[in-house]
Structures are given as C-alpha cells and as structure tokens.
Amino acid sequence: MQLLSLTFFAVVISPLIVCKETVEDAALLARRLVASQAVGVMATIFPANTSLEGEPFALQEYYANCYSNGSLSLITMPISRHTRNIVHSPSHSASMTVWSTPPAASRARVALIGNVTILDTQLAVDSGIQDCYLQQHPDARFWLPDDPDGAHEAFWARFDPHSVFFVGGFGNKHFIGDVPLDLYQSTVPVDFLGDNDSFIVQGEI
Ligand SMILES: *[C@@H]1O[C@H](CO)[C@@H](O)[C@H](O)[C@H]1NC(C)=O
Ligand SMILES: *[C@@H]1O[C@H](CO)[C@@H](O)[C@H](O)[C@H]1NC(C)=O
Ligand SMILES: *[C@@H]1O[C@H](CO)[C@@H](O)[C@H](O)[C@H]1NC(C)=O
Ligand SMILES: *[C@@H]1O[C@H](CO)[C@@H](O)[C@H](O)[C@H]1NC(C)=O
C-alpha cells in the first residue's frame, strides 16, 4: 500500500514539481518580455572626475524593439545624464532592465548588460528605425534626431546586450540565471514583433 501511494505520488505529482523552465524557454520568455514593453530602467555609471564618480545611476528610459537580434533602439540626447555617462564610459556601457506588468516577485524580469553605439542619423532613418520607434513611442515625434525644430539635440543609438540575466519568477518553477547571448539573439519572438514587422531590421547573429 505504501509502495502504491509512493508510486502514485511519483507519477501524478512529480510532473508538477519538475516543470522547470529550460534556458531555451528563458530566452523566448525574455525576448517576449522585452518586445512586449517599450520602457525600462536603464543603469549607467557616473564617470571619473564627477562628484558621483563610480556610483550607479538608474532611471526610466524609452526603448524600441526594432532588431531581430534583440538589440534595442534608443534616442540619446547630450543633455541626458545617461547619455553623458555612456559617452564618458570607455566601453559605452549601460544596462537595461524590463519587467512584467504588473510587477511581482513571482513574475519575469530581465537585465540586459551591454553597450551603446551612436548611429548616423540618416542611415538610421533610412533603415526604418525612426518609423519603428515612433510606432512604439508616438510622443517621441517632438524630439526626433533629424528635426531642426526638435526640443533637444538628439541622436539615434543602438543598445547591444552582451550579457543577459533572466529571473522567470520563483526558482522552484522558473529559470533564474544567465541566458547565453547567441541563444538570446537567435530566439526571435515572431508573435511579438508588433503589427507591422516590416520595420524589423534583420540582425547579424
Ligand atoms: C581626472 O582628473 C585627474 C586630475 O585632474 C586627471 O589627471 C585625469 O586625467 C582625469 N580623468 C579623466 C578620465 O578625465
Ligand atoms: C561595445 O562592446 C563591444 C564588445 O562587446 C565592442 O566591440 C564595441 O566597440 C563597444 N562599443 C562601443 C561604442 O564602445
Ligand atoms: C508597414 O510599414 C511599411 C513601411 O512604412 C509600409 O509601407 C506598409 O504599408 C506597412 N504595412 C502595414 C500593414 O501597415
Ligand atoms: C544586431 O543587429 C544590428 C543590425 O543588423 C547590428 O548592427 C548589431 O551589430 C547586432 N548586434 C549584435 C550584438 O550582434
């Protein structure tokens, strides 16, 4: 009888216990999460010879999901604290974190650690970045990089993650840990590309 109930436990209950996310699941969940949002919190480091040298700085930042490899589009402005920290960083480093709505300890969030490359304005516009970005942030039409009447000087930029840390939720059920970059970049969430995926720039993977 005891053996029987143990067998019952093993067969019926254990599938619930072992339903842990794989790293492949985590890559897809992370890509979907990033594609489902357009605002995250960016973190940068204050540069040398400033009063807050070496301190981390985190503040909300718009991004747009316009690259199939998971890189993100940004509008950077010289007046922005993040932009100044990035350009003074030798590797132009930045991190971006994105979380589920509503946020909860049991729900997914991801931290992307990477760096920022300022793009040539005309090439960025020609590649569809502006259309893609405006689709996700219509209010940004007042501060576009190529607008002489824009509110501030601005540049298109690309955030390339080099490390991905995913927390799917509680660790008994969800993946918590690093997602390899090549897996993250090659896991394209086709069902989350938005209404018009002709804007998506094919990434070099
Ligand atoms: C910081 O200031 C020191 C002293 O003036 C100078 O030698 C150094 O080059 C400065 N570092 C940077 C990154 O500007
Ligand atoms: C970003 O980091 C990569 C290596 O991960 C490096 O090759 C590249 O030059 C960096 N970009 C900038 C703008 O510093
Ligand atoms: C998608 O965007 C392209 C480029 O702007 C445009 O030509 C096309 O009509 C759009 N398609 C839809 C279905 O909105
Ligand atoms: C992602 O794709 C873009 C567009 O092709 C490319 O410029 C960028 O270098 C790629 N980033 C990485 C980290 O491979």
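Reckoned from all heavy atoms, side chains included, excluding hydrogens, waters and symmetry mates. Counting convention: from 1, in listed order, for ligands and their atoms alike. Numbering of residues begins at 1 and proceeds along the displayed sequence. Quick caveat, the model's predicted, so the values are computed rather than measured.
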**OP:** Drop me the distance from L112's CG to L72's CG, to the nearest 0.5 angstrom.
**Re:** 6.5 Å
Subject >> M42 CE to T97 OG1 distance, which is reported to the nearest 0.5 Å >> reply: 11.5 Å
Subject >> Close-contact set for ligand 1 against N49 heavy atoms, below 4.0 Å >> reply: 1 (C), 2 (O), 3 (C), 8 (C), 10 (C), 11 (N), 12 (C), 14 (O)
Original post:
What residue and atom, counting heavy atoms only, is the protein's closest point to atom 11 (N) of ligand 2, and at what distance?
Top reply: N115 ND2, 3.0 Å
Original post:
If you count the atoms of ligand 4 from 1 in the order shown, which ones are under 4.0 Å from a heavy atom of N69?
Top reply: 1 (C), 2 (O), 3 (C), 8 (C), 10 (C), 11 (N), 12 (C), 14 (O)
**OP:** Could you find the nearest protein heavy atom to atom 13 (C) of ligand 2 and give me its residue, atom name and distance?
**Re:** H92 ND1, 3.2 Å
Original post:
For ligand 4, which atoms sit closer than 4.0 Å to a heavy atom of S71?
Top reply: 1 (C), 11 (N)
Original post:
Between the side chains of D131 and Q135, is a donor N or O closer than 3.5 angstrom to an acceptor N or O?
Top reply: no
Subject >> Flag: protein heavy atom within less than 4.0 Å of atom 2 (O) of ligand 2 >> reply: yes
**OP:** Scan R81, H82, H88 and name whichever one has a side-chain hydrogen bond (donor to acceptor under 3.5 Å, both in side chains) with T44.
**Re:** H82
**OP:** Go through the side-chain N and O atoms of D160 and S71 and say whether any donor and acceptor fall under 3.5 Å apart.
**Re:** yes
Original post:
Quick one: which ligand 4 atoms are inside 4.0 Å of a heavy atom on D160?
Top reply: 8 (C), 10 (C), 11 (N), 12 (C), 13 (C)
**OP:** Please work out whether the ring planes of Y62 and W143 are parallel, tilted or perpendicular, with thresholds of 30° and 60°.
**Re:** tilted
**OP:** Report yes or no: is the cationic atom of R109 (NZ for Lys, CZ for Arg) under 6.0 Å from the centre of the six-membered ring of F166, at an angle within 45° of the ring normal?
**Re:** no
**OP:** Can you measure from CG (D182) to CG (N69) and round to the nearest 0.5 angstrom?
**Re:** 12.0 Å
Original post:
Would you say V116 touches ligand 2, if touching means a heavy atom closer than 4.0 Å?
Top reply: yes
Subject >> Shortest protein contact, atom 14 (O) of ligand 2 (heavy atom only) >> reply: S91 O, 3.4 Å
Subject >> Per-atom contacts of ligand 1 with A48, taking only distances under 4.0 Å to non-hydrogen atoms >> reply: 13 (C)
Original post:
Does even one non-hydrogen atom of Q185 get within less than 4.0 Å of ligand 4?
Top reply: yes
Original post:
For atom 7 (O) of ligand 1, is the nearest protein heavy atom under 4.0 Å away?
Top reply: no
